Amino acid sequence: MTTVLTYGTFDLFHIGHLNLINRLRDMGDRLIIAVSTDEFNAGKGKTSVVSYEDRASIINSIKGVDLVIPETSWEQKATDIKEHDVDVFAIGEDWTGKFDALKELCEVVYLPRTDGISSTEIKQMLRVLDPQHITEMQDALAVMSRLLEHYRDLT
Ligand code: C2G
């Protein structure tokens, strides 16, 4: 029985998250995922669009995920590894080297990320659609159409 453990926010769940979870599932027999709480994320300077409860439910409903636990501190990893008898700690390569100290307790693996998708990018795209930006775009369009009318009259 090989137990695999990872940590993440998993906000605005996307294909990058799913690819990672599928890889983790194939690395062992039992998969535990620690989902960052909103309070812990606030400490990371991160705010999630989706609440902890909903993010944890989404992760819990994915095939191959056996247990979801809350991530509330940076220090909990060593305790979690011992408590859940973890064989493999794995996480995306954006954390390469950051958790090498855990090698004393279990295997540590950094996995390739899925290119071209991230929750941060999705948030940036959504931000463009906020009311203020929409008003600015409408104003710009109004100016453009007046300009076009003016040129049409000139020709
Ligand atoms: N990920 C990926 N490909 C992407 C985006 C994310 O493989 N295109 C992986 C990340 O590398 C990470 C996991 O998906 O392993 C979750 O990513 P985040 O939600 O951004 O989690 P993060 O904020 O990195 O939290 O204690 C560690 C932290 O909780 C990690």
Side-chain angles (χ1 to χ4, degrees), residues 1-138 140-141:
M1 165 77 113
T2 301
T3 299
V4 179
L5 171 67
T6 195
Y7 296 73
T9 302
F10 300 103
D11 192 22
L12 301 170
F13 194 83
H14 54 68
I15 193 64
H17 298 142
L18 186 61
N19 290 344
L20 180 92
I21 293 172
N22 288 339
R23 279 197 203 110
L24 294 167
R25 188 195 51 222
D26 298 342
M27 290 168 69
D29 310 294
R30 187 165 72 117
L31 175 56
I32 303 173
I33 300 191
V35 174
S36 314
T37 61
D38 298 325
E39 297 71 27
F40 178 56
N41 269 339
K44 286 193 225 173
K46 242 179 153 169
T47 48
S48 301
V49 173
V50 184
S51 72
Y52 166 73
E53 287 70 27
D54 293 353
R55 288 182 282 115
S57 313
I58 292 166
I59 298 292
N60 207 27
S61 66
I62 293 174
K63 215 171 34 210
V65 176
D66 298 289
L67 179 64
V68 172
I69 58 175
E71 180 184 23
T72 57
S73 77
W74 290 109
E75 297 72 32
Q76 72 179 71
K77 292 183 176 71
T79 320
D80 293 342
I81 289 167
K82 290 175 206 153
E83 194 182 314
H84 298 284
D85 214 8
V86 169
D87 304 287
V88 182
F89 167 87
I91 198 162
E93 63 192 348
D94 44 323
W95 293 92
T96 297
K98 298 278 186 332
F99 302 115
D100 286 356
L102 299 173
K103 287 182 179 172
E104 286 166 27
L105 303 169
C106 65
E107 192 187 341
V108 173
V109 180
Y110 301 101
L111 295 165
R113 279 171 64 92
T114 300
D115 289 338
I117 181 90
S118 79
S119 309
T120 310
E121 281 166 24
I122 297 171
K123 279 186 224 172
Q124 272 154 5
M125 280 191 275
L126 290 175
R127 214 166 283 130
V128 171
L129 296 173
D130 70 12
Q132 188 226 328
H133 282 102
I134 289 173
T135 310
E136 283 166 8
M137 283 193 275
Q138 285 168 326
L141 274 176

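Bear in mind that the values here come from a model prediction, so they are computed numbers and not experimental data.
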*Where do Tyr110 and Asp100 land on the side-chain contact (heavy atoms from CB on, under 4.5 Å) test, with the steps shown first?*
CA-CA 10 Å; Tyr110 301 101; Asp100 286 356; 2.7 Å; yes

*Chi angles and distances behind the side-chain contact (heavy atoms from CB on, under 4.5 Å) call for Asp85, Thr3*: CA-CA 7 Å; Asp85 214 8; Thr3 299; 5.5 Å; no

[X] side, atom [atom1]; [Y] side, atom [atom2] - distance, nearest 0.5 Å:
{"X": "Arg55", "Y": "Thr37", "atom1": "CZ", "atom2": "OG1", "value": "7.5 Å"}
{"X": "Leu18", "Y": "Ile117", "atom1": "CG", "atom2": "CD1", "value": "11.5 Å"}
{"X": "Ile33", "Y": "Ile21", "atom1": "CD1", "atom2": "CD1", "value": "4.0 Å"}

Neighbour count >12 (heavy atoms, 6.0 Å) for atom [atom1], [X]:
{"X": "Asp130", "atom1": "CG", "result": "yes"}
{"X": "Lys63", "atom1": "NZ", "result": "no"}
{"X": "Glu136", "atom1": "CD", "result": "yes"}

Are the side chains of [X] and [Y] in touch, meaning some heavy atoms are under 4.5 Å apart?
{"X": "Lys77", "Y": "Leu102", "result": "yes"}
{"X": "Arg25", "Y": "Asn22", "result": "yes"}
{"X": "Leu141", "Y": "Gln138", "result": "no"}
{"X": "Asp66", "Y": "Asp29", "result": "no"}
{"X": "Phe10", "Y": "Ile62", "result": "no"}
{"X": "Thr6", "Y": "Phe89", "result": "no"}
{"X": "Leu111", "Y": "Asn19", "result": "no"}
{"X": "Leu12", "Y": "Val50", "result": "yes"}

*List the steps and the verdict of side-chain contact (heavy atoms from CB on, under 4.5 Å) for Arg113 and Trp95.*
CA-CA 10 Å; Arg113 279 171 64 92; Trp95 293 92; over 6 Å; no

*Ion pair present between Asp11 and Lys123, side-chain N to carboxylate O less than 4.0 angstrom?*
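Lys123 and Asp11: salt-bridged.
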
